[in-house]
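Below is one structure; the comments refer to it alone.
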Amino acid sequence: MEGYEDFKSEIYKMTKIDLSAYKENQMKRRIESLVNKRSCKSFAEYVGLLKKDTEVFNEFINFMTINVSNFYRNPEQWKLLVEKFVPELIQKYGKKLKIWSAACSTGDEPYSLVMALSDLIPMRDVKIYATDIDKTVIGKAKVGLYNDKSVVDIPKEKLDKYFTKVGESFRISEEIKRQVEFHEANLLKDPYPKDCDLIVCRNVLIYFTEEAKHDVYVKFRESLKPGGILFIGSTEQVMDYKEIGLDRRSSFFYQRI
C-alpha cells in the first residue's frame, strides 16, 4: 500500500505521534490491517476517516497505546526515593546526578524519574540514561503514548502538567522526553555505564537465574559511585548484598559501600 510517508506526516500533525520511531515494515503492516478492517483503499482514505469518525480515531490510538508497565509503580517507594535518597545524593554529589534506568521497557520508569526529580532539581539538569534489550519497546518509549491504566499512579498535578489526552490515551510532553536518552543494551553482555549516582532496575531480574542475578548485581555495584544508590523492584531482593559490597538501606534500596 502506497503513501505511508504522507500518512506518517498526517498522523504527526493530528496527534504528535512520530511513527518513524517504530520499525517501519512491522508498523506499516500492522496499520495496514487497521486500514483494511475499515475497508479503506489507501492510507489517505484512512486518514480522512480518522479525522471524521471518533470511533475509528480512538481505535487507532488504542492500537498505539502501550499496556506493559505503569508510572510510579509502588508509589510509596518512589516517595522514599524522592524524600530520602535523592536529597542525600544531591547533598553529596550536587544536582547534576548521573542516573541510569536499566531495562527501562516502554519508558514509564525513566519518565517517572524525570517527573519525580523535577521537584528537587531544575528540569534542565535532570538527565536519565535509559537502556533496554528490546528495540520495539524503546521505540514505544520514544513515542510516549500510554493508556489510562499506565498513568493511574501519577500525581494529578503532574498528569495535568505533563500529559495531553489523545483519544482515550495520554501522550507525555516533549519537555519530559527531552531529558531521557534511550539506548539498546543487554544487561548480560554489554558494558555498563560508569560512575552512576543512581541506578534504577525494577522487576526485571526476577526472570534471571540466581547466577545471572549475582553477576548483574556485582556489575551494578561496580557502576555506582561510592555512596551511590541501587533501587530495585518490590518483587526482588539482593540476597548476598554484603558479599557484593552493598549496604541495605531499605527494603528496595541498596548503597555502594
Side-chain angles (χ1 to χ4, degrees), residues 66-89 97 99-120 126 128-134 137-138 140-141 146-156 158-159 170 172 176 180 185-188 192 196-221 223-224 227-257:
I66 291 84
N67 187 23
V68 177
S69 184
N70 59 290
F71 289 80
Y72 287 85
R73 189 173 181 179
N74 310 116
E76 69 285 352
Q77 295 169 27
W78 285 90
K79 189 171 186 285
L80 191 58
L81 175 71
V82 172
E83 294 183 357
K84 182 175 178 61
F85 294 112
V86 172
E88 286 182 8
L89 291 171
L97 299 174
I99 301 167
W100 176 23
S101 174
C104 66
S105 187
T106 52
D108 316 53
E109 183 178 276
Y111 292 144
S112 293
L113 282 165
V114 175
M115 288 187 286
L117 269 64
S118 68
D119 291 335
L120 304 170
V126 180
I128 312 296
Y129 178 79
T131 63
D132 200 277
I133 193 172
D134 189 334
V137 298
I138 288 175
K140 291 178 179 179
Y146 301 91
N147 66 19
D148 54 355
K149 292 178 183 176
S150 294
V151 303
V152 69
D153 288 324
I154 298 176
K156 187 178 185 306
K158 293 196 185 313
L159 186 65
F170 296 82
I172 198 163
I176 299 294
V180 181
N186 184 340
L187 285 176
L188 296 177
Y192 284 25
C196 295
D197 299 293
L198 172 65
I199 296 174
V200 181
C201 185
R202 310 185 68 228
N203 306 306
V204 175
L205 300 193
I206 52 172
Y207 303 109
F208 289 18
T209 65
E210 292 304 315
E211 183 181 1
K213 285 180 193 176
H214 174 81
D215 290 346
V216 169
Y217 285 134
V218 167
K219 289 191 280 188
F220 278 157
R221 191 262 180 194
S223 284
L224 288 166
I229 295 290
L230 170 65
F231 178 21
I232 65 172
S234 58
T235 57
E236 300 161 327
Q237 56 181 316
V238 186
M239 300 297 294
D240 50 355
Y241 64 90
K242 291 180 181 177
E243 175 191 336
I244 290 171
L246 296 170
D247 178 30
R248 187 179 182 183
R249 293 289 309 279
S250 183
S251 296
F252 311 108
F253 294 90
Y254 296 80
Q255 188 166 34
R256 175 174 174 171
I257 298 170

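The first residue of the sequence shown is numbered 1, and numbering continues consecutively from there. Treat the numbers as computed from the prediction; the structure is a model and nothing was measured.
Under the 3.5 Å distance criterion, the side-chain polar atoms of Tyr146 are matched with a main-chain donor or acceptor of Thr106. In this structure, Glu236 contributes its side chain and Val204 its backbone to a donor-acceptor pair below 3.5 Å. Between the Tyr217 side chain and the Ile244 main chain, no donor and acceptor come within less than 3.5 Å of each other. Although no hydrogens or angles enter the test, the distance criterion places a donor-acceptor pair under 3.5 Å between the side chain of Asp132 and the main chain of Ser105.
The CZ atom of Phe170 sits 13.5 Å away from atom NZ of Lys149, with the distance rounded to the nearest 0.5 Å. Taking CG of Leu230 as the start and OG of Ser223 as the end, the distance is 10.0 Å to the nearest 0.5 Å. Atom NZ of residue Lys219 and atom CD1 of residue Ile199 lie 11.5 Å apart, to the nearest 0.5 angstrom. From Asp247, atom CG reaches atom CZ of Arg256 across 13.5 Å, with rounding to the nearest 0.5 Å. To the nearest 0.5 angstrom, Asn74 atom CG is 7.0 Å from Phe252 atom CZ. Here the straight-line distance linking atom CG of Leu224 with atom OH of Tyr192 works out to 11.5 Å at 0.5 Å rounding.
Between Glu83 and Pro87, the closest heavy-atom pair is O-CG, 3.6 Å. Cys104 approaches Ser101 most closely through the heavy-atom pair CB-OG, 3.5 Å. Summarising the geometry of Asn203 relative to Ser234, their closest heavy-atom pair is OD1-N, 3.5 Å, with the distance given to 0.1 Å. Between Phe71 and Asp153, the closest heavy-atom pair is O-CB, 3.6 Å. Contact record, Lys213 with Phe208: CE-O, 3.4 Å, taken as the closest heavy-atom pair. Across all non-hydrogen atoms, the minimal contact from Ile232 to Gln237 is CD1-CA, 3.7 Å.
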Test salt bridge (charged side-chain N to carboxylate O under 4.0 Å, His left out) applied to Asp119 and Lys158, step by step: CA-CA 10 Å; Asp119 291 335; Lys158 293 196 185 313; 2.8 Å; yes
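Atom CD of Glu76 has more than 12 heavy atoms from other residues, nucleotides or ligands within 6.0 Å.
Within the 6.0 Å centre-distance limit, the rings of Trp78 and Phe231 are counted as a close aromatic pair.
In summary, of the residues considered (Leu198, Ile128, Val86, Ile229), a side chain to side chain contact (heavy atoms under 4.5 Å, CB included) with Leu97 occurs for Val86 alone.
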